[in-house]
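Below is one structure, written out as structure tokens; the observations come after it.
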Amino acid sequence: MPRGPDTGMIIHEIFEQIFRTKAMWKDPLVMDQLIAKKLRFSPLACWETAVQQMVRKTMVMPLLGDGEFFTLSELDACQAEMEFIFSSQTGFVKGFIDLVFYRRQKVYFLDWKTHWLEDYGPLALQQTMEAHDYNLQATLYAQAIKRHFKAPFGGAYYIFVRGGTYAKIE
């Protein structure tokens, strides 16, 4: 798939729409239909099959949480594109979290990453996380979640959808 912000925006919109309707994230055929519709007149139209495979792979990717694995397709409740705003010592902090979900009485957030990397191994992911200051982002998002939800914060998942892998911050 092509690199660049257009690709990232389209992939984010696909995941946002998938997670707005529970029936959609539980049914791969419905997801495929959404992807086909979303890509029809986009720069990614010729990449439909690759995007479908990437989304399906992401939905069943084993994620480690609380000592056991789970998949996004197993989630029961979530909120896509959760908006937040809170005050800090330096002013207001405002943003949108790609996905917030509950699991085992804890609340987590997930951020979709569409970076094209030469390598998606642990060291490359760590370097990318540091280069883009995702630890600061995670701190701000965690603060928003802690202020909004009564459940304990469980952690953050940064899903690198092109590489079929993720980084987790607890």
Side-chain angles (χ1 to χ4, degrees), residues 1-63 70-85 93-103 107-121 124-138 140-142 144-145 155-169:
M1 283 184 295
R3 300 179 196 186
D6 288 340
T7 297
M9 287 176 54
I10 292 168
I11 299 302
H12 273 77
E13 288 173 11
I14 288 169
F15 280 113
E16 178 182 348
Q17 286 190 325
I18 286 170
F19 282 99
R20 288 207 184 271
T21 308
K22 184 175 183 177
M24 194 171 294
W25 85 73
K26 301 284 187 182
D27 187 340
L29 296 178
V30 177
M31 284 189 297
D32 287 350
Q33 291 170 351
L34 166 73
I35 293 165
K37 181 179 176 185
K38 194 75 180 160
L39 298 184
R40 187 169 295 127
F41 300 109
S42 81
L44 298 181
C46 64
W47 295 93
E48 181 179 325
T49 301
V51 173
Q52 288 171 337
Q53 290 172 349
M54 180 186 68
V55 169
R56 283 181 176 216
K57 183 177 179 181
T58 300
M59 296 302 292
V60 298
M61 178 191 327
L63 302 172
F70 69 98
T71 68
L72 296 175
S73 63
E74 297 169 350
L75 296 178
D76 289 323
C78 66
Q79 182 177 349
E81 287 299 308
M82 186 188 96
E83 184 175 14
F84 68 86
I85 186 168
V93 178
K94 180 181 179 182
F96 292 88
I97 301 174
D98 290 345
L99 189 70
V100 176
F101 63 92
Y102 279 102
R103 185 164 190 290
V107 66
Y108 297 82
F109 81 80
L110 183 149
D111 202 63
W112 308 112
K113 297 300 174 197
T114 58
H115 301 333
W116 186 91
L117 304 175
E118 293 282 337
D119 174 25
Y120 290 92
L125 291 186
Q126 179 183 348
Q127 290 171 341
T128 300
M129 296 286 289
E130 290 170 4
H132 294 279
D133 214 359
Y134 291 145
N135 287 314
L136 174 60
Q137 179 191 41
L140 295 173
Y141 285 11
I145 286 171
Y157 293 89
Y158 284 81
I159 308 288
F160 289 82
V161 295
R162 288 181 190 250
T165 191
Y166 69 95
K168 184 176 180 198
I169 298 174

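Residue numbers count from 1 along this sequence.
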Inset, instruction - List the steps and the verdict of side-chain contact (heavy atoms from CB on, under 4.5 Å) for Leu39 and Trp47. - result: CA-CA 8 Å; Leu39 298 184; Trp47 295 93; 5.5 Å; no

Inset, instruction - Please lay out, stage by stage, how Thr128 and His115 fare under the test side-chain contact (heavy atoms from CB on, under 4.5 Å). - result: CA-CA 9 Å; Thr128 300; His115 301 333; 3.5 Å; yes

Inset, instruction - Given side-chain contact (heavy atoms from CB on, under 4.5 Å), test Leu63 with Ile159 step by step and report yes or no. - result: CA-CA 10 Å; Leu63 302 172; Ile159 308 288; 3.8 Å; yes

Inset, instruction - Give the C-alpha distance, both sets of side-chain angles, the deciding distance and a yes or no for side-chain contact (heavy atoms from CB on, under 4.5 Å) between Tyr141 and Val100. - result: CA-CA 10 Å; Tyr141 285 11; Val100 176; over 6 Å; no

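Contact of the Phe160 side chain with the Met129 side chain is registered, since non-hydrogen atoms from C-beta on lie closer than 4.5 Å.
Interatomic distance, NZ of Lys37 versus CD1 of Ile14, reported as 12.5 Å (0.5 Å rounding). Remark: Thr58 OG1 to Leu72 CG distance equals 7.5 Å, nearest 0.5 Å. Annotation: the span from Ile35 atom CD1 to Ile18 atom CD1 amounts to 5.0 Å, rounded to 0.5 Å. Note that OH of Tyr134 and CD1 of Ile169 are 10.5 Å apart. Values are rounded to the nearest 0.5 Å. Taking CG of Asp27 as the start and CE of Met59 as the end, the distance is 10.5 Å to the nearest 0.5 Å. Atom-to-atom distance recorded for Ile10:CD1 and Met1:CE is 10.0 Å, nearest 0.5 angstrom.
Closest non-hydrogen pair, Tyr108 versus Arg103, comes out as CE1-O, 3.6 Å. The minimum heavy-atom distance between Cys78 and Phe19, with the atom names listed, is SG-CD2, 3.6 Å. Between Ala36 and Glu48 the shortest heavy-atom distance is CB-OE2, 3.4 Å. Considering every non-hydrogen atom in both Phe101 and Ala77, the closest pair reads CB-O, 3.6 Å. Residues Met31 and Val55 share a closest heavy-atom pair of SD-CG1, 4.1 Å. When all heavy atoms of Ile11 and Val161 are compared, the pair lying nearest together is CG2-CG2, 4.1 Å.
Residues forming a ring pair (Phe, Tyr, Trp, His ring centres under 6.0 Å) with Tyr166 (at least two apart in sequence, or on another chain): Tyr157. By the ring pair (Phe, Tyr, Trp, His ring centres under 6.0 Å) test, Phe15 pairs with Trp112, sequence neighbours left out. Judged as a side-chain hydrogen bond (donor to acceptor under 3.5 Å, both in side chains), and not counting sequence neighbours, Arg162 has no contacts.
For residues 1-16, every residue pair satisfying the salt bridge (Lys or Arg N to Asp or Glu O under 4.0 Å) rule, not counting sequence neighbours, is listed here: Glu13-Lys38, Glu16-Arg20. Identified under the salt bridge (Lys or Arg N to Asp or Glu O under 4.0 Å) test for residues 53-63, with sequence neighbours left out: Asp32-Arg56. Identified under the side-chain hydrogen bond (donor to acceptor under 3.5 Å, both in side chains) test for residues 93-102, with sequence neighbours left out: His12-Asp98, Glu83-Lys94.
Taking the centre of each ring, Phe84 and Phe96 stay at or above the 6.0 Å mark.
Remark: side-chain polar atoms of Thr7 are paired, donor with acceptor, to backbone N or O of Pro2 under 3.5 angstrom.
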